[in-house]
Amino acid sequence: MKLSNLLVLATDRQADRIVPPTGYTVRLTLFTAASLAFLAVFALALSLATSRVATQWSDALARSSTIRISAPQDQMAAQVAAVESILQTTPGISEFRVLSNEEQAALLEPWLGAGIPIDALPVPALIEVIEAGDGFAAEGLRLRLEAEAPDAVLDDHTRWRQPLVEAAGGLRLLGLLSLLLIGCATAAMITLAAQAALAANKQVIEVLRLVGARDSYIAGAFMRRFTNRAALGATVGAAAGVIAITLLPGTRTSESFLTDLSFEGLGWITPIFVPPVVAVLALLATRHAAARVLKGLP
Amino acid sequence: MKLSNLLVLATDRQADRIVPPTGYTVRLTLFTAASLAFLAVFALALSLATSRVATQWSDALARSSTIRISAPQDQMAAQVAAVESILQTTPGISEFRVLSNEEQAALLEPWLGAGIPIDALPVPALIEVIEAGDGFAAEGLRLRLEAEAPDAVLDDHTRWRQPLVEAAGGLRLLGLLSLLLIGCATAAMITLAAQAALAANKQVIEVLRLVGARDSYIAGAFMRRFTNRAALGATVGAAAGVIAITLLPGTRTSESFLTDLSFEGLGWITPIFVPPVVAVLALLATRHAAARVLKGLP
Amino acid sequence: MIELDNVAYSYGNGPALLSDVSLKLAPGSFHFLTGPSGAGKTTLLKLCYKDLQPTLGHVRFFGVDGPELSRDAVASLRLKIGVVHQDCQFLDHLSVAENIALPLTVSGRPISASDLDDLLGWVGLSDQAMQYPQELSGGERQRAALARAVMTAPDIILADEPTGNVDWDMSLRLLSLLVELNKMGKTVLIATHDLSLIRASKSQVSTRVLRITGGRLTLAGADL
Amino acid sequence: MIELDNVAYSYGNGPALLSDVSLKLAPGSFHFLTGPSGAGKTTLLKLCYKDLQPTLGHVRFFGVDGPELSRDAVASLRLKIGVVHQDCQFLDHLSVAENIALPLTVSGRPISASDLDDLLGWVGLSDQAMQYPQELSGGERQRAALARAVMTAPDIILADEPTGNVDWDMSLRLLSLLVELNKMGKTVLIATHDLSLIRASKSQVSTRVLRITGGRLTLAGADL
Ligand SMILES: Nc1ncnc2c1ncn2[C@@H]1O[C@H](COP(=O)(O)OP(=O)(O)OP(=O)(O)O)[C@@H](O)[C@H]1O
Ligand SMILES: Nc1ncnc2c1ncn2[C@@H]1O[C@H](COP(=O)(O)OP(=O)(O)OP(=O)(O)O)[C@@H](O)[C@H]1O
Ligand SMILES: [Mg+2]
Ligand SMILES: [Mg+2]
């Protein structure tokens with residue numbers, strides 16, 4: 001798109017009267033833009049929410065690992081110390097701590113009942129490891145543990161995590177897919193609305209061309225009108241979408257974050273981009289449709 | 001809608017020539033119907049998938065409970081037998097079984113490590129209970145257990161289950177919401193397309209009225225044309241939607257059912273209902289729009 | 001068959017364009033309607049085929065007062081009144097022949113190919129029958145509009161400037177078609193500004209010449 | 001200024017409607033174009049304002065061959081040639097006055113209110129200036145079209161049946177407007193089937209009368 005096409009938007013408002021001001025083509029453009037902006041905001045929210053969920057899941061699952069040391073009672077303290085010193089020198093670990101007896105009892109409660117004499121049991125020591133940054137290299141850590149604390153077992157939860165990470169990836173895909181679909185539908189509908197509008201105004205264009213208007217003058221007037229209308233419609237639609245999302249029944253609880261569509265943080269800014277995108281689409285579509293109608297006129 | 005309106009669809013094909021056969025209004029109707037049917041099929045699939053997921057989660061989670069008996073060693077056998085006889089007479093239970101030592105060891109492994117001497121531990125007995133039908137009344141069972149096996153504790157997993165059930169309900173809501181939104185957009189766009197089409201053909205309608213055509217004749221011809229076009233577009237769109245869903249990257253694994261959009265079983269039939277619904281919408285919208293244009297003509 | 005009884009008409013809230021107009025189109029009569037451009041000829045004709053409702057007074061169609069006609073009755077009425085509109089409008093996607101036969105099509109009546117051919121020949125459009133309306137010249141459109149108006153063999157023919165865009169020979173030819181129909185008992189009303197056409201008709205048929213001036217309908221004298 | 005050089009024209013693949021037409025519209029000349037309905041008068045005019053391209057031969061505008069003009073040059077050309085179209089088309093959402101001033105608006109030229117008033121008065125549309133085109137009578141539309149054609153003070157005026165729907169007095173009034181413009185040096189070409197109009201012009205201006213018959217352009221003799 002040439003810059004002149006954008007500049008034309010700012011100038012020569014007087015010429016706009018040559019485009020019929022009302023009628024169903026304007027309503028069509030307005031409404032199409034509005035409803036698709038509304039859907040786009042929803043899709044955007046869905047996409048952001050699924051992406052957020054996916055990230056949270058992967059993070060939460062990937063960030064904690066457990067090292068279990070089932071050493072004989074007399075070697076226990078030495079091996080725990082060895083593991084601790086290994087962990088201290090392993091990059092990608094933000095913190096680790098040995099679980100207390102109470103914590104271990106709580107973990108075992110569903111299977112062993114409350115009030116088990118944890119001290120009397122030959123329970124292994126459990127060390128919870130929280131990753132930092134990109135995490136640590138599990139294989140490297142395993143090898144070092146094997147060498148220095150033979151009874152320590154690293155459980156990085158891969159087995160439990162895999163399906164959930166897959167599900168999270170799938171969710172993310174689903175969100176992007178919705179956004180893509182709505183985007184395509186928007187583009188197509190706006191194009192079609194522009195074509196319909198220009199076709200409905202074919203006679204106006206004919207008369208203008210016959211009385212000596214230049215192509216750029218005619219196309220410019222139509223582009224301004226329909227781009228403005230599309231931008232207006234999209235703004236209303238996007239605003240309605242944001243309001244609707246805000247008013248959605250608050251399913252927000254710490255556990256059911258999956259179903260929470262509302263925007264978060266910088267996410268609130270994204271709907272602002274919907275109207276300009278729709279407007280640029282309308283601009284291009286109108287320009288194309290106008291060029292096509294004009295080409296048919298001598 | 002009167003029956004005569006549907007009957008008119010089957011008769012008098014000859015009159016259809018009075019409606020301009022081509023042009024952008026027809027393309028508009030076709031494309032609007034097609035793209036919205038496509039989106040509707042997606043929303044339908046999403047809605048069915050989320051509903052399925054929600055049901056599966058609730059089911060899977062609700063159907064298994066555990067009874068833990070931490071009785072002194074000598075009372076253990078008696079209490080287990082008592083619990084078994086209670087369970088046998090409790091309605092809503094499909095099966096139950098006492099977990100073997102190996103199974104219990106497997107459950108404890110993440111915390112206690114492999115090869116623990118399970119026999120030497122004062123571990124409680126675990127009975128897994130699978131519900132049937134609508135399930136059992138947890139409170140009643142609890143009271144009976146308290147009376148006859150004081151050391152038995154019923155854990156119906158409510159604590160773990162609640163957030164997931166909530167999430168499933170939220171998912172279901174999200175699916176229905178998408179379907180509703182697309183449905184509203186479809187209705188609005190079809191109405192608008194019909195209005196645009198009728199407005200574009202205002203002159204045709206004027207001429208017809210002036211040469212002596214009855215309202216029902218004019219409206220009938222337009223209704224047939226646009227209903228057919230909408231049905232055709234919706235069929236193509238729905239078919240494309242089904243194909244697209246079938247071709248979606250197969251994320252189908254037993255664990256990631258969440259992200260699987262494809263239809264299942266009777267679900268495959270539902271997209272068939274999209275074109276008729278769109279057609280009926282188009283019929284009503286065209287009838288309304290035609291009546292409005294005709295009312296303005298003497 | 002069409003009676004205007006003390007009719008007045010004004011567009012919107014404007015001044016009365018027509019007032020105190022009384023007119024009776026008796027069966028078999030032949031009228032000319034004349035008056036300067038903008039006098040209200042087209043408006044009067046529109047009142048006669050119920051395209052406009054009078055502001056005051058009554059218009060009776062075959063004895064029935066206008067407002068008492070249902071919408072379907074108006075449709076049937078339009079089949080009994082053939083109108084040549086000043087801005088002859090056609091369906092652009094149908095051929096000239098199909099457009100001329102349109103009143104028969106919409107009323108579900110059979111179309112006689114030989115009648116259609118005869119009519120096309122009379123108005124000189126045999127060669128243009130398969131063209132589309134937008135491919136016609138100005139005069140050809142007017143002739144097609146006249147053909148469409150008489151296609152249903154209506155009881156009354158209202159023609160608004162049917163010769164405005166055709167040459168003199170063709171004007172006489174169209175006039176004689178209308179005279180012919182009048183002799184078969186049809187009622188004819190022609191709005192025109194072409195006084196020579198009125199003069200030319202004098203030898204063929206007995207006519208009444210009406211004139212609109214200053215919103216009043218008067219009978220023009222022998223000064224034509 | 002407009003020269004047709006052995007021009008032939010046929011619509012689509014049909015037979016040649018015009019052939020071997022040569023015509024030079026010299027500055028300051030006054031032409032009438034006549035011929036039966038459907039002869040090709042409108043077609044010839046369309047060739048003269050580059051709405052149609054000749055099938056054979058050349059049309060030169062102010063010395064430049066048609067195909068060599070860019071699209072913007074065609075737009076400028078249309079401002080130098082005022083055309084009264086037979087099917088006068090307007091922008092329905094603009095008032096009559098705005099429609100008449102439209103050629104000035106689209107070329108960004110200032111609109112003189114007094115010029116517009118004078119012109120409206122001359123064509124008898126002072127009262128209709130604020131109406132919309134669809135609220136005009138047939139004759140009023142033609143007059144508005146003529147007013148729009150002369151609004152830009154073009155070098156050449158091409159008028160297609162400008163008096164087809166107006167009464168005789170108004171016809172003479174419009175003719176004298178065109179004669180007036182011709183005396184100011186403008187070139188005028190009027191297509192009409194109204195021979196009395198041609199006769200009436202004889203006393204006011206020296207004209208050439210062209211006739212199209214059988215696809216050929218001939219100079220009509222003194223037999224008019
Ligand atoms: N819809 C309308 N709204 C307002 N005024 C109108 C409308 N239609 C017509 N008029 C005005 O009413 C007057 C009479 O119009 P009408 O078409 O009846 O004239 P006419 O006698 O047929 O003229 P002509 O010979 O030019 O066709 C005109 O001055 C016109 O401007
Ligand atoms: N687009 C077109 N396609 C095919 N044929 C056409 C087209 N336009 C005009 N014609 C034919 O060309 C012939 C000449 O048309 P034209 O409009 O030039 O006639 P005219 O001399 O202006 O007649 P009138 O006096 O009736 O206006 C007519 O017979 C018409 O049917
Ligand atoms: Mg009139
Ligand atoms: Mg012509």
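Please read these numbers as outputs of a predicted model, since none were measured by experiment. Chain identifiers are assigned alphabetically (A, B, ...) following the order of the sequence lines, protein sequences preceding nucleic acid strands; residue numbering begins at 1 within each chain.
One N or O on the side chain of Asp167(D) and one on the backbone of Ser37(C) form a donor-acceptor pair closer than 3.5 Å. No donor-acceptor pair closer than 3.5 Å links the side chain of Ser29(C) to the backbone N or O of Leu25(C). A donor-acceptor distance shorter than 3.5 angstrom exists from the side chain of Asn99(D) to the backbone of Ser95(D), with no hydrogens or angles considered.
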Check: So Tyr11(C) and Thr43(C), side-chain hydrogen bond (donor to acceptor under 3.5 Å, both in side chains) or not? Walk me through it.
Finding: CA-CA 10 Å; Tyr11(C) 284 102; Thr43(C) 306; 3.0 Å; yes
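How far CG of Leu23(C) is from CG of Asn6(C): 12.0 Å, rounded to the nearest 0.5 Å.
Using a 4.0 Å cut-off between a side-chain N of Lys or Arg and a carboxylate O of Asp or Glu, Asp160(C) and Lys41(C) do not qualify as a salt bridge.
Taking 4.5 Å as the heavy-atom cut-off, none of the residues of residues 121-134 of chain C approach chain D.
Note on ring orientation: taking the six-membered ring where Trp is involved, the planes of Phe32(D) and Phe30(D) are tilted (angle from 30° to 60°).
Heavy-atom distances place the side chain of Arg143(C), and not its backbone, under 4.5 Å from chain D. With a 4.5 angstrom heavy-atom cutoff, Gln86(C) touches chain D only via side-chain atoms.
Looking only at heavy-atom pairs under 4.5 Å with chain D, the residue among Gly164(C), Ser171(C), Ser196(C), Ser137(C) that has the most is Gly164(C). Heavy-atom pairs under 4.5 Å with chain C peak, among Gln142(D), Glu161(D), Met170(D), at Glu161(D). Among the candidates Leu136(D), Val166(D), Thr163(D), Thr42(D), the residue making the largest number of heavy-atom pairs closer than 4.5 Å to chain C is Val166(D).
For His85(C), the side chain to side chain contact (heavy atoms under 4.5 Å, CB included) partners are Leu210(B), Tyr49(C), Val83(C), Asp87(C), Arg148(C), not counting sequence neighbours.
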